[in-house]
Amino acid sequence: MGRVALVTGGSRGIGEAISKALKDAGHTVAATYAGNDEKAAAFTAETGIKTYKWNVADYDASAAGIAEVEADLGPIEIVIANAGITRDAPFHKMTPEQWNEVIGTNLTGVFNTVHPIWPGMRERKFGRVVVISSINGQKGQFAQVNYAATKAGDLGIVKSLAQEGARAGITANAVCPGYIATEMVMAVPEKVRESIIAQIPAGRLGEPEEIARCVTFLASDDAGFINGSTISANGAQFFS
Ligand code: CAA
């Protein structure tokens, strides 16, 4: 059944693959982006998926943007909180700005994205919430105290939302990607990246589409009894 889906950070990286996969599954997709107008325009030209620009770290901007999407496309029934950033630094060098930026986008951004949509889902007695966490929220990561804290926090959000939404037909689940071939991972210094790949039993980085397929399943009507769970897709790098 085709539904209206919102994907934050949905024009690039893993989010781009998720937007396309949800569209292929028959949903009407709105993709948000924060800054890269050129990439968003190219994405819309290629896919026909509408993009909306706002900063997920800003509650008022998120609420206004979501209202605009719902006016254009109808009530949002599937929300994928995917937008995320890194500001990596060893803890002794990490600045309060690096901490706050990552908390704002990756953790508060999930609140800001789901909170305005939640009352409508409760009223209509249906909803699918999927939060993109990370292997590094499960195991921690050198130079990612900020990022790991947000991604672990994302798991707490879905486990709590699952309990609150279950009676209203709403599910909330997380996907924890391992290291995926996106700009974010390619930004890691090459030597470090090579040492990371050496720790992945699959012997390779994951593909964005491999994450998108997990999300499409969790967002489907068929996944109604899966609630509060975490799917790890990491090539056997880490088990939790
Ligand atoms: N484990 C242990 N030690 C490590 C390490 C690790 N993973 N990575 C770096 N180090 C060590 C280095 O060997 C070096 O040690 P020495 O001083 O003894 O040589 C030290 O830490 C680095 O110190 P620097 O002062 O040079 O560090 P820096 O300020 O230049 O920062 C860095 C470099 C930011 C840590 C850089 O190495 C880096 O980006 N590392 C990758 C971090 C990472 O894995 N990020 C994940 C990004 S992908 C993602 O987040 C997506 C997802 O969800 C999976």
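All values below were derived from every heavy atom in this structure, side-chain atoms included, with hydrogens, water molecules and symmetry-related copies excluded. We count ligands from 1, going down the list as the structure has it; atoms in each ligand are counted the same way.
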Presence of salt bridge, E16 and K20, under 4.0 angstrom: yes
Verify atom 16 (P) of ligand 1: protein non-hydrogen atom under 4.0 angstrom away: no
From CD1 (I14) to CD1 (I80), nearest 0.5 Å: 12.5 Å
Nearest protein heavy atom under 4.0 Å from atom 4 (C) of ligand 1, yes or no: yes
Protein non-hydrogen atom below 4.0 angstrom of atom 35 (C) of ligand 1 present: yes
Between CD on residue E209 and OG1 on residue T216, distance to nearest 0.5 Å: 10.5 Å
Those atoms of ligand 1 less than 4.0 Å from some heavy atom in Q141: 7 (N), 43 (C), 44 (O)
Sub-4.0 Å protein heavy atom next to atom 22 (C) of ligand 1: no
Closest protein heavy atom to atom 11 (C) of ligand 1, given as residue, atom name and distance to 0.1 Å: F142 CZ, 3.7 Å
Side chain, backbone, both or neither: P189 near ligand 1, heavy atoms under 4.0 Å: side chain
Q144 N/O under 3.5 Å from ligand 1 N/O: yes
Ligand 1 atoms in contact with K93 (distance to a heavy atom under 4.0 Å): 24 (P), 25 (O), 27 (O), 28 (P), 29 (O)
Minimum-distance protein heavy atom relative to atom 32 (C) of ligand 1: A143 CB, 4.5 Å
Test item: protein heavy atom less than 4.0 Å from atom 8 (N) of ligand 1: yes
Non-hydrogen protein atom less than 4.0 angstrom from atom 47 (C) of ligand 1: yes
Atoms of ligand 1 close to N136 [distance to a heavy atom under 4.0 angstrom, numbered from 1]: 54 (C)
Ligand 1 contact by G178, heavy-atom criterion under 4.0 angstrom: yes
Q138 side chain to S240 side chain, donor-acceptor N/O pair below 3.5 angstrom: yes
CZ/R193: more than 12 non-hydrogen atoms of other groups inside 6.0 Å: yes
Within 6.0 angstrom of R3 CZ, more than 12 heavy atoms from elsewhere: yes
CG-CD1 distance between L218 and I231, expressed to the nearest 0.5 angstrom: 4.0 Å
Atom 45 (N) of ligand 1: nearest protein contact (heavy atom, Å): D88 OD2, 2.8 Å
Atom pair CD (Q237) and NZ (K139), whose distance is rounded to the nearest 0.5 Å: 6.0 Å
Atom indices of ligand 1, in the order listed, that fall short of 4.0 Å to a heavy atom of T86: 50 (O)
Gap between atom CG of L161 and atom NE2 of H115 - 0.5 Å precision: 10.0 Å
Residue pair F239 / S232, side-chain heavy-atom distance below 4.5 Å: no
Sub-4.0 Å heavy-atom contact, I196 with ligand 1: yes
Check: Y33/N55 side-chain N/O donor and acceptor closer than 3.5 Å: no
Interatomic distance, L73 atom CG to E68 atom CD [nearest 0.5 angstrom]: 9.5 Å
Atom 37 (O) of ligand 1: nearest protein contact (heavy atom, Å): V192 CG2, 3.8 Å
Sub-4.0 Å atoms of ligand 1 with respect to non-hydrogen atoms of M184: 49 (C), 51 (C)
Atoms in ligand 1 with a heavy atom of S134 nearer than 4.0 Å: 52 (C), 53 (O), 54 (C)
Under-4.0 Å heavy-atom contact between protein and atom 39 (O) of ligand 1: yes
Non-hydrogen protein atom less than 4.0 angstrom from atom 54 (C) of ligand 1: yes
Atoms in ligand 1 with a heavy atom of V188 nearer than 4.0 Å: 41 (C), 47 (C)
Pair Q98-N146, side-chain donor/acceptor within less than 3.5 Å: no
P90 contact mode with ligand 1 (heavy-atom cut-off under 4.0 Å): side chain
Side chains of S229 and N173, donor plus acceptor under 3.5 Å: yes
